[in-house]
2 protein chains.
Amino acid sequence: MGSGEAARSRRRSSKPQSQSPLNVTMMAVAEEAGVSRATVSRVFHGTTPVAPSTRDAVHAAAERLGYIPNEMARSLAASSSDIIGLLLRGPSNPAYGLLFSELQAEISRLGLQMITVAPSPMEGANFERQALNRLLGLRVGGMFVSTGVIQAEMLEPFLDVVPVVIIGRPENHPRIYSVSYDENGNATLLADAVAAQGHRDVAVVIPNVGSSVAESLRGRVMAQRLEGHGVTVHRIPSPTFGVVKEGIAEVMALYDAGTITAAMFPSDVRLLAFLSHARAAGVRTPEDLSATGCDGVLPGVDLLGITTVRIPVEQAAVRAAAVMQSMLAKPGRIKVEHELLPGTLLPGRTLGPPRGGR
Amino acid sequence: MGSGEAARSRRRSSKPQSQSPLNVTMMAVAEEAGVSRATVSRVFHGTTPVAPSTRDAVHAAAERLGYIPNEMARSLAASSSDIIGLLLRGPSNPAYGLLFSELQAEISRLGLQMITVAPSPMEGANFERQALNRLLGLRVGGMFVSTGVIQAEMLEPFLDVVPVVIIGRPENHPRIYSVSYDENGNATLLADAVAAQGHRDVAVVIPNVGSSVAESLRGRVMAQRLEGHGVTVHRIPSPTFGVVKEGIAEVMALYDAGTITAAMFPSDVRLLAFLSHARAAGVRTPEDLSATGCDGVLPGVDLLGITTVRIPVEQAAVRAAAVMQSMLAKPGRIKVEHELLPGTLLPGRTLGPPRGGR
DNA sequence: GTGAAAGCGCTAACAC
DNA sequence: GTGTTAGCGCTTTCAC
C-alpha cells in the first residue's frame, strides 16, 4: 500500500469518509491484494479465468476489508442487473404476502435476487405508477407485476427492454406473459356449489374493475354462472376502492326482506367482514343465510370453516420464476403465453341449508 | 439535433438499443430541450434556481421522451440515496405483511421511497445476511430491520454510514434505535388473564431464540409470570426454525394425561395450528382445554374468537418512519432510544373454564 | 442562470 | 492471466 493516493481529491472536498465496509471500494480491495481492479472484478463475476493464487488473495483481501460490492455501480457499468423487481399490491393481504414469500424462495433457488415495492395503499393507479417507476428507475433486470389495477398498456413501452411477467390477475395482452389464477374457473366452482346446494335467490357482490380486476371478474362470472343454473341473482356493485365492507348493508337488507338465502363475496376478506357483521346482527351462517368467499389462503381458514376456493399461489410462484428465468436466458425469444392455474374448492360450513325446493 | 454523435461507440459494439423510455438519458432530454445536462439535473432535483422558461422546456422534453431517471446513476454520482430499505422477515405472516403495508404508506407520506427484501424462507440467519447485503449493495439511504434473527452486531459496522431502525423485535443495542412491541407486557397481559381465569397447570410453548427473538421472549415471560401467580408451568421447548406445529404433540400429551387445563402459544399461527389439531382430535376449546395466542392481526381474528394480544403494528410503522425521517435530516444527531409499544388484550372464546379451585 | 468537465465505483474490450 | 482504459448516466464544483 502507500502511494497511488496522489492527485485524488482535487474537487469534491474529500469527505471525512467514516470508515465502514460500505466505503470500501473495489480499488481498495485491489490494492490490498496487490492486483488491479479488473482482476478483482474478474474474481467476483469474471467469466475470464483467474489464477487460483490471485483468486485467493483477492478473496482474502475482500474478506479482511468487509468489501460489499456497490451494486449500483456494477449494474450501471454493465447496464444489466440480475435483480428482479416485484410490484406487489397490498402486502397486508395474506394472498399477496404468501405470493411474496413463495416468489422470494423460488428466485433465491434460481440464484437471482429480488426486491419488492408496493404502491402506497391510497386510492388509485397513480400510486401504482409511482411504484412501477421506482422499479424502472432502478433498472431492474426483470419485473413481476402482481397488482390489481395497473393497465397492461402502462407496461408496453418497456417490454422489449425488461422481461415482464404478470402474476395473479387474468391477463390477455398479446405481448405480456402471464401466470394467472383461473378466476373464471374459481368463480364457476363456487357458483356451481351454491346452485347445487339448492339456493334460488343469491346476492353477489361485484367490485369495480378499477378496484380489483380479479375480484370484479369473480363477481361477474359467479353471477352469470348462477343465472345459467336458473338462479335469481341480486347484483350488488361495490365501486369504491379498498372498502371491504361495501355491499354488506345491501346484502343484509336483502336478507331482512327475505329475498335471498345465500350471498357470494369475491374474496375471503370481504366474506369475513360480512360474517362479523352478520354475527353481530344475530344472523346465523349458514342456518339463516349461506355465504361464500374466495382465496383460501388465510391462516386459520380451516378453523373458520368458510366455503371458498383456494388459489394456487405456490404454483404461480414456481411458474412465474421459471418463466422469468428463461426470459432472462434468451431475451425476446420466449413465446408469450397466458397460463391459467385452477384453484380448488374448499367446502366449508358457511354454505348450507336450502336443499329441496325453495 | 444532429452532430455530436461522433466518435462515440469506439468500443462497446454499440448495441442496437431498442427504443424505450428506459434508454432515454438525461443527455437526450438536454438535447431535446436545447440545454445542457447540468440544467436538466437542476430542474429535477436542483437546489439551484432555474429560469422558469428553461424549466418548462425541460419538463416538456422529459415528458415527450418519457424520461425515467436512472436512479443507479443518480445515487452513484451523488453517493446518497433517498430509498429506504426494509428487511422483512416472512412476508406471508400477516403481522409482517401489515407492517410492510403500513410502513409503505408512512414512507410515501414523508416523500421517501421504500424497497423491501425478504430472506429466502429457508432456515438460518445466513439468508438474512444475504438479504441484508442486497440492501447494502444497493447503498440504500436508510434501513428498517424487521426480522427475527439478525444479530444486532451484524448491523454495527454500518451504523455510522446508514441510519438503521429496528422494528418489532425488542432490542437494546446501545447504538441502534428500535421501535418494538412490548413483548414483555404482551406476555404479562396474557399470563395474567390465564392465571385470573383460575388455571393452575399450564403448558407454555417456548421457541428457541434462534427461531424468533420475539416469540422466545413471549414464551419465557409468560412462563415466569404464571409462576409468579403460583401456577405450575410446563415448559415445552420448540427449537426448530419455522415449524409452527412443534410442541403440539407435547401439549396434547399433557392434556391427555390430565396434567394441564390451559396451553399458551407464543403466536397466533401456532395457536391456530394447535386448534386445528385439537379439533381434529376431538378436544374442545375452551371446555376441555383453554388456549391463547399472540399477535392479533389475522383478518378474521374476531370470528375465530381466539384469546390473544393485538400488537400495535400501525403505531410501530408511524414511529419508525418518523424516526427514520429525523435520522435522515440530522445524521448522527439522533439520540438512540428503545421505544416500547404496548399491545392490547383481545379477550376471546378460547380462554375459559377453571374458575374455582383446580 | 447556465455550461464544462471531473468524477461516483464498476465492467468490459483491448493489448500485452 | 493480468493491467489499462474508456465509458455507464448522473451530480456537482467552478467559471462565466
Side-chain angles (χ1 to χ4, degrees), chain A residues 4 7-15 17 21-31 33-58 62 65 67-82 136-139, chain B residues 4 7-15 17 21-31 33-58 62 65 67-82 136-139:
Chain A
R8 285 276 221 87
S9 66
R10 196 184 110 208
R11 4 177 97 252
R12 267 178 162 59
S13 52
S14 56
K15 332 184 173 169
Q17 289 282 359
L22 287 183
N23 300 324
V24 174
T25 79
M26 178 174 272
M27 182 61 187
V29 176
E31 284 176 350
V35 298
S36 74
R37 272 150 65 225
T39 299
V40 177
S41 176
R42 285 196 272 263
V43 167
F44 277 95
H45 336 269
T47 44
T48 327
V50 174
S53 62
T54 324
R55 205 168 34 66
D56 294 349
V58 169
L65 269 43
Y67 175 55
I68 298 182
N70 187 324
E71 183 62 27
M72 309 224 124
R74 203 204 70 72
S75 92
L76 180 59
S79 54
S80 85
S81 168
D82 54 353
L136 291 170
L138 253 19
R139 297 298 190 270
Chain B
R8 284 277 218 85
S9 64
R10 194 185 110 209
R11 8 175 96 251
R12 267 179 160 58
S13 54
S14 57
K15 333 183 174 170
Q17 287 284 358
L22 286 184
N23 301 323
V24 173
T25 77
M26 178 174 272
M27 182 61 185
V29 176
E31 284 175 353
V35 298
S36 73
R37 275 150 63 226
T39 300
V40 176
S41 176
R42 287 188 195 107
V43 168
F44 277 96
H45 336 269
T47 44
T48 327
V50 174
S53 61
T54 323
R55 204 166 36 64
D56 295 348
V58 169
L65 269 41
Y67 174 56
I68 299 182
N70 187 325
E71 183 63 28
M72 310 223 125
R74 203 204 71 71
S75 91
L76 179 59
S79 52
S80 84
S81 168
D82 53 354
L136 258 14
L138 252 18
R139 297 299 192 268

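What you are looking at is a predicted structure, and each value in this text was computed from that prediction instead of being measured. The sequence lines fix the lettering, A, B, ..., with proteins before strands; numbering per chain opens at 1.
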Rounded to whole Å, CZ of A/Arg55 lies from P of D/dT2 at a distance of 10 Å
Nearest-angstrom distance from the residue atom CD1 of A/Ile68 to C1' of C/dC10:
16 Å
With a 4.0 Å cut-off on heavy atoms, is A/Ala38 in touch with a base, just the backbone sugar-phosphate, or nothing at all?
base
Using side-chain contact (heavy atoms from CB on, under 4.5 Å) as the criterion, list what pairs up with A/Asp56, not counting sequence neighbours.
none
Find the distance A/Asp82:CG to C/dT11:P and express it as a whole number of Å.
11 Å
Considering residues at least two apart in sequence or located in another chain, which fulfil the side-chain contact (heavy atoms from CB on, under 4.5 Å) criterion with A/Ser80?
A/Arg74, A/Ala78
Under 4.0 angstrom between B/Thr48 side-chain N/O and D/dT12 OP1 or OP2
no
Have a look at the helix from C/dG1-D/dC16 to C/dC16-D/dG1 and give the angle its two end axes make, five pairs each, rounded to 10 degrees.
30°
Distance below 4.0 Å between A/Thr39 side-chain N/O and D/dT2 OP1 or OP2
no
Assert: residue with more 5' nearest nucleotide on DNA chain C, out of B/Ala73 and B/Pro52, is B/Pro52
Is the shortest side-chain heavy-atom distance between A/Glu31 and A/Thr25 below 4.5 Å?
no
Whole-Å distance between C/dC8 P and A/Arg37 CZ?
10 Å
Pick the nucleotide of DNA chain D nearest each of B/Ser41 and A/Ser36; which residue has the one closer to the 5' end?
A/Ser36
Take the protein atom CG of B/Asn23 and the nucleotide atom P of D/dC8, then report the distance between them rounded to whole Å.
12 Å
Answer with base, sugar-phosphate or nothing: what part of the nucleic acid does A/Phe44 contact at a heavy-atom distance below 4.0 Å?
nothing
Is there a donor N/O on one and an acceptor N/O on the other, under 3.5 Å, for the side chain of A/Arg42 and the base of D/dG3?
yes
Is there side-chain contact between A/Met72 and A/Leu138, with at least one heavy-atom pair below 4.5 Å?
yes
A/Glu31 CD to C/dG9 C1', straight-line distance once rounded to whole Å
14 Å
Among all residues two or more places apart in sequence or in another chain, which pass the side-chain contact (heavy atoms from CB on, under 4.5 Å) test with B/Ser36?
B/Ala38, B/Thr39
Out of C/dG9, C/dC10, D/dT11, minimum distance to the side chain of A/Leu76 belongs to C/dG9
Student check: side-chain heavy atoms of B/Met26 and B/Val58 closer than 4.5 Å
no
Taking the minimum atom-to-atom distance to the side chain of A/Ala78, which one of C/dT11, D/dC10, D/dC8 wins?
C/dT11
By side-chain contact (heavy atoms from CB on, under 4.5 Å), A/Arg139 pairs with (sequence neighbours left out) B/Leu22, B/Ile68, B/Asn70
When you measure from the side-chain N and O atoms of B/Thr54 to the phosphate of C/dT2, is any distance below 4.0 Å, counting only OP1 and OP2?
yes
If you round to the nearest 0.5 Å, how far is OG of B/Ser75 from CD of B/Glu71?
6.0 Å
How many whole angstroms separate atom CE of A/Met26 from atom C1' of C/dA12?
12 Å
So B/Val40, base contact, sugar-phosphate only, or nothing? Heavy-atom distance under 4.0 Å.
nothing
What is the distance, rounded to the nearest whole Å, between atom CG of B/Leu136 and atom P of C/dG9?
15 Å
